[in-house]
2 protein chains.
Amino acid sequence: MKILVVEDDQFHASFLQGVIAEALPEVTETLHVQDGLQGEAAARAGRFEAVVMDLQMARRNGIEAARTIWHERPRTRILFWSNYSDEAYLRGVADIVPAHSAYGYVLKTASRERLKLVLRAVLLEGQVMMDREIQRLRRRSASPRHSLSQSEYAVLLDLALGLQDRLIAERQGLSLRTVQNRLLTLYDKLGVNGEEQALPGLNKRVRALSRAISTRTLNLERLETAQHDLECWLAARPADEKAPPTQGADGAL
Amino acid sequence: MKILVVEDDQFHASFLQGVIAEALPEVTETLHVQDGLQGEAAARAGRFEAVVMDLQMARRNGIEAARTIWHERPRTRILFWSNYSDEAYLRGVADIVPAHSAYGYVLKTASRERLKLVLRAVLLEGQVMMDREIQRLRRRSASPRHSLSQSEYAVLLDLALGLQDRLIAERQGLSLRTVQNRLLTLYDKLGVNGEEQALPGLNKRVRALSRAISTRTLNLERLETAQHDLECWLAARPADEKAPPTQGADGAL
DNA sequence: GACCAAACTGCGGGAACCCGCAGCATTTGT
DNA sequence: ACAAATGCTGCGGGTTCCCGCAGTTTGGTC
C-alpha cells in the first residue's frame, strides 16, 4: 500500500508520518510533498490510492488538489486533515467528493489514538469518517434557521466573488427577482438584518460577505476555488451574453 | 528573565521552547498558554517583559492580545511568530506598536538559527527586527502604484465591515465625496477596475473586499480587530448622530 | 379537484452607489 | 511669487440595489 502525504508544515508532517508508520504497517511507501500542486502531480504520477491532505496550503489549497485528484482517479481515498473546522471546508469537501468515495476529515488537534483510528478506517477500510467536532458542526449547520441551503450557499459564493444580481441570475439560471429574494434570506440568516436595526447605515451586500467570513461560513480557500470555478464558467460561456442590452461598447462607435 | 509563549499549536510550542532554552540561557521562567485571552491574563498577572506571540489563534488573536498587553505595559518586548506573511498582519502590527517598543516578526518557516538570532535580538537586546521575507513584503507594499496609504487602508477596513459611504465619512472625518474618491482609488489599486473592463457586471464594492482578501491585504484576524474597533467607536459616539435626517424610527410612533 | 404552502417572477419606487465635472485649499518646485 | 500638483468638496445624473406588493408556478395534502 502506497500513501501520499500533502502537508506544508514540517512538524505536522513528521508527526503524521510517525503515526502512519505505527497505525498502518501495511504501508510500503510514503511520499511527502509540500503543497497542492505537487500533490496533484505526485498523485498523477504515483497512482496512490490513499492520500492524507492538508487544507490551507500555498499555491494550491487542499480542496482544489483533492478535486483534481478525484477527477482523475475517483476511487482514491482521501483523508483531510486540518487545523480548523470551518463550515466553508465542510461544504467545500462535500461539493467535490464523488459518489461512493471513501474520505474523512480529522482535526489536527485530535489525539494520536483517534488519528490512528481514522487513518485505518478511511485509508485501509474505505469508510467515510469524520472527527467528532466536525460531526457536531455538520449537524448544527443542517439545522433549521441559520443554515444555508445548497442554492443559497451558491448565491453567497457568487455574491462573495463580487458578481452583481444580473450575473448571479444568469449563472444560477434564476430570474433577477429570485436572486434578490435569495439575497434577502441570506441577509437574514447571516444576521445582517438584525444588526441593521441596531445600526442603520450598513451596506448589506458587503456586510453579508463580511459576516460570512467572520463566522467561517466562508474562508480564503473556499473563495479561491469559487474564483477558479467562475473563471471556468466564464470561459465556457458563449460570448454573446457578455454584452447586456446596452449600447455596444466594442467595435463600432 | 521571564518569558511568555502564546501559541496554540503544541508542536510549534514545544519546538519553540526548545529553541528558547538554547538561545536564551538567561531565561529563568517560561510560561506557555494556548490563546490570546489567556495570554493577556498571564501577561497581566506575571509581568513578563518578553513575549513570543502567535497570530491566528482561537478566542482572541495575537494582534488583539498584543494590543492589550502593550496598552497595559508599553515596554513589553513582543516577538510575533506566524505562518503567514500577509500584508494584513504587517499593518495590524504596525498599527498597534507603541513608540520605542521592541518587537519583531518571524515566520515559522524560518530556520532554527535565524529564530535564535531574532529571539536574542528582540527579547534580550530590545531591537526591532523582521524576517527577510517580511522586509521584502514591507518594501514592496511601500511601493508606488499598488500600495494603500494609511488612510486608504482605513477606508478599506470600514468598507470591509460593511459601512456605507455616509458612515465611513463620519468615522474618518471626511466628506461623502472624498470617501467616494478614496473608494475609487481603492478600486484602482486593488485591480477591480482592471477586471471590470474584462467582465462588466461586477459589484465593485464587494469585489474590492473579495480581492483584498484574496491578496491577503485583509484577513480574518484583521477583520476581527477592525470589528472590535468599530464597536468601541460606536459605543463612544454620541447617540444623536445615529439618526440621519430620516423620520425618527425610535421612540414616538 | 380543492386547498395550501412554498418558491419563483414582474413591477415600481426610494435609497445608495459610481463617477465625470468643476471649484477651492494646501503643498511643492523653480 | 507664480504655477503646477495634489487633496478635499459639492453637484448632478445614470445605474444598481433593497424590498413591498401582487400574480404565477410548483409540490404536496385532504
Side-chain angles (χ1 to χ4, degrees), chain A residues 144-145 148-156 158-197 199-211 243-247 249, chain B residues 144-145 148-156 158-197 199-211 243-247 249:
Chain A
R145 215 125 307 264
L148 306 184
S149 76
Q150 198 77 14
S151 65
E152 284 164 348
Y153 196 78
V155 171
L156 174 59
D158 282 350
L159 178 148
L161 292 173
L163 305 188
Q164 50 184 212
D165 297 0
R166 185 165 31 85
L167 259 188
I168 302 180
E170 182 187 338
R171 189 152 180 233
Q172 304 288 333
L174 301 173
S175 88
L176 213 135
R177 191 61 182 89
T178 303
V179 169
Q180 295 173 338
N181 276 335
R182 285 248 199 294
L183 291 177
L184 286 192
T185 75
L186 270 180
Y187 299 155
D188 249 353
K189 293 189 176 176
L190 290 171
V192 176
N193 284 326
E195 297 176 314
E196 169 77 15
Q197 75 180 37
L199 164 67
L202 288 182
N203 181 313
K204 303 202 171 185
R205 213 176 172 85
V206 178
R207 186 63 186 172
L209 172 52
S210 190
R211 282 202 56 88
T246 319
Q247 275 84 338
Chain B
R145 219 140 282 283
L148 306 184
S149 75
Q150 197 78 13
S151 65
E152 284 164 348
Y153 195 78
V155 171
L156 173 60
D158 283 350
L159 179 150
L161 292 174
L163 304 189
Q164 48 185 210
D165 296 0
R166 185 166 33 83
L167 260 188
I168 302 180
E170 181 186 338
R171 189 151 181 236
Q172 305 289 331
L174 301 172
S175 86
L176 214 136
R177 189 61 182 90
T178 302
V179 169
Q180 295 173 338
N181 275 336
R182 284 251 201 294
L183 290 177
L184 287 192
T185 74
L186 271 180
Y187 298 155
D188 249 354
K189 293 190 177 176
L190 291 172
V192 176
N193 284 325
E195 295 175 314
E196 170 76 16
Q197 74 179 36
L199 163 66
L202 288 183
N203 179 313
K204 303 201 173 186
R205 212 175 173 85
V206 177
R207 186 63 186 173
L209 173 52
S210 189
R211 283 203 55 87
T246 320
Q247 275 85 339

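Letters A, B, ... mirror the listed sequences (proteins, then strands); counts begin at 1.
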Checklist entry - C:dC18 P sits how many Å from B:D188 CG, rounded? => result 13 Å

Next on the checklist: As a test of reading the structure: which of C:dT9, C:dC19, D:dG10 is closest to the side chain of B:Y187, going by heavy atoms?
Outcome noted: C:dC19

Next on the checklist: Base of D:dG20, side chain of A:R177 - is there a donor-acceptor contact under 3.5 Å?
Outcome noted: yes

Checklist entry - Which whole-number value in Å describes the distance from A:L176 CG to D:dC17 P? => result 8 Å

Next on the checklist: Looking at B:R182, I'd like to know whether one of its side-chain N or O atoms comes within less than 4.0 Å of OP1 or OP2 on D:dG7.
Outcome noted: no

Checklist entry - Is any side-chain heavy atom of B:D165 closer than 4.5 Å to a side-chain heavy atom of B:R205? => result yes

Checklist entry - Rounded to whole angstroms, how far apart are CG on A:D158 and C1' on D:dT16? => result 17 Å

Item to check | Gap between atoms CD and P, on B:E170 and D:dT9 respectively (whole Å) | outcome: 14 Å

Item to check | Any A:L174 side-chain heavy atom under 4.5 Å of A:R182 side chain | outcome: yes

Checklist entry - Is a salt bridge present between A:R207 and A:E196, judged by a nitrogen-to-oxygen distance below 4.0 Å? => result no

Checklist entry - The side chain of B:Q164 lies closest to which of these nucleotides: D:dC8, C:dA16, C:dC18? => result C:dA16

Next on the checklist: Measure CD/B:E152 against C1'/D:dG7 and give the value in whole Å, please.
Outcome noted: 11 Å

Checklist entry - B:L183 has a side chain; which of D:dT16, C:dC18, C:dT9 sits nearest to it? => result C:dC18

Checklist entry - How is A:N203 classified with respect to the nucleic acid when contacts are heavy atoms under 4.0 Å: base, sugar-phosphate, or nothing? => result sugar-phosphate

Checklist entry - Could you state the CG-P distance from A:L167 to D:dT16, rounded to the nearest angstrom? => result 11 Å

Checklist entry - What is the nucleic acid contact for B:D165, judged by heavy atoms within less than 4.0 Å: base, sugar-phosphate only, or nothing? => result sugar-phosphate

Next on the checklist: What's A:L184 touching, base or sugar-phosphate or nothing? Going by heavy atoms closer than 4.0 Å.
Outcome noted: sugar-phosphate

Checklist entry - For B:L174 and D:dG10, what is the distance between atoms CG and C1' respectively, to the nearest whole Å? => result 15 Å

Item to check | 5' priority, DNA chain D, between B:Q180 and B:S151 [closest heavy atom] | outcome: B:S151

Next on the checklist: Nearest to the side chain of B:T178, heavy atoms from C-beta on, is which of C:dC18, D:dC8, C:dT9?
Outcome noted: D:dC8

Checklist entry - Within less than 4.0 Å of OP1 or OP2 of D:dC19, is there a side-chain N or O belonging to A:K204? => result yes

Next on the checklist: If you compare all heavy atoms of A:V206 against all heavy atoms of B:A160, which two are closest, and at what distance to 0.1 Å?
Outcome noted: CG1-O, 4.1 Å

Next on the checklist: Can you measure B:N181 atom CG to D:dC11 atom C1' for me and round it to whole angstrom units?
Outcome noted: 13 Å

Checklist entry - What nucleotide, of D:dT9, C:dG10, D:dC17, holds the atom closest to the side chain of A:S175? => result C:dG10

Item to check | Side-chain touch A:Q172/A:V179, heavy atoms, less than 4.5 angstrom | outcome: no

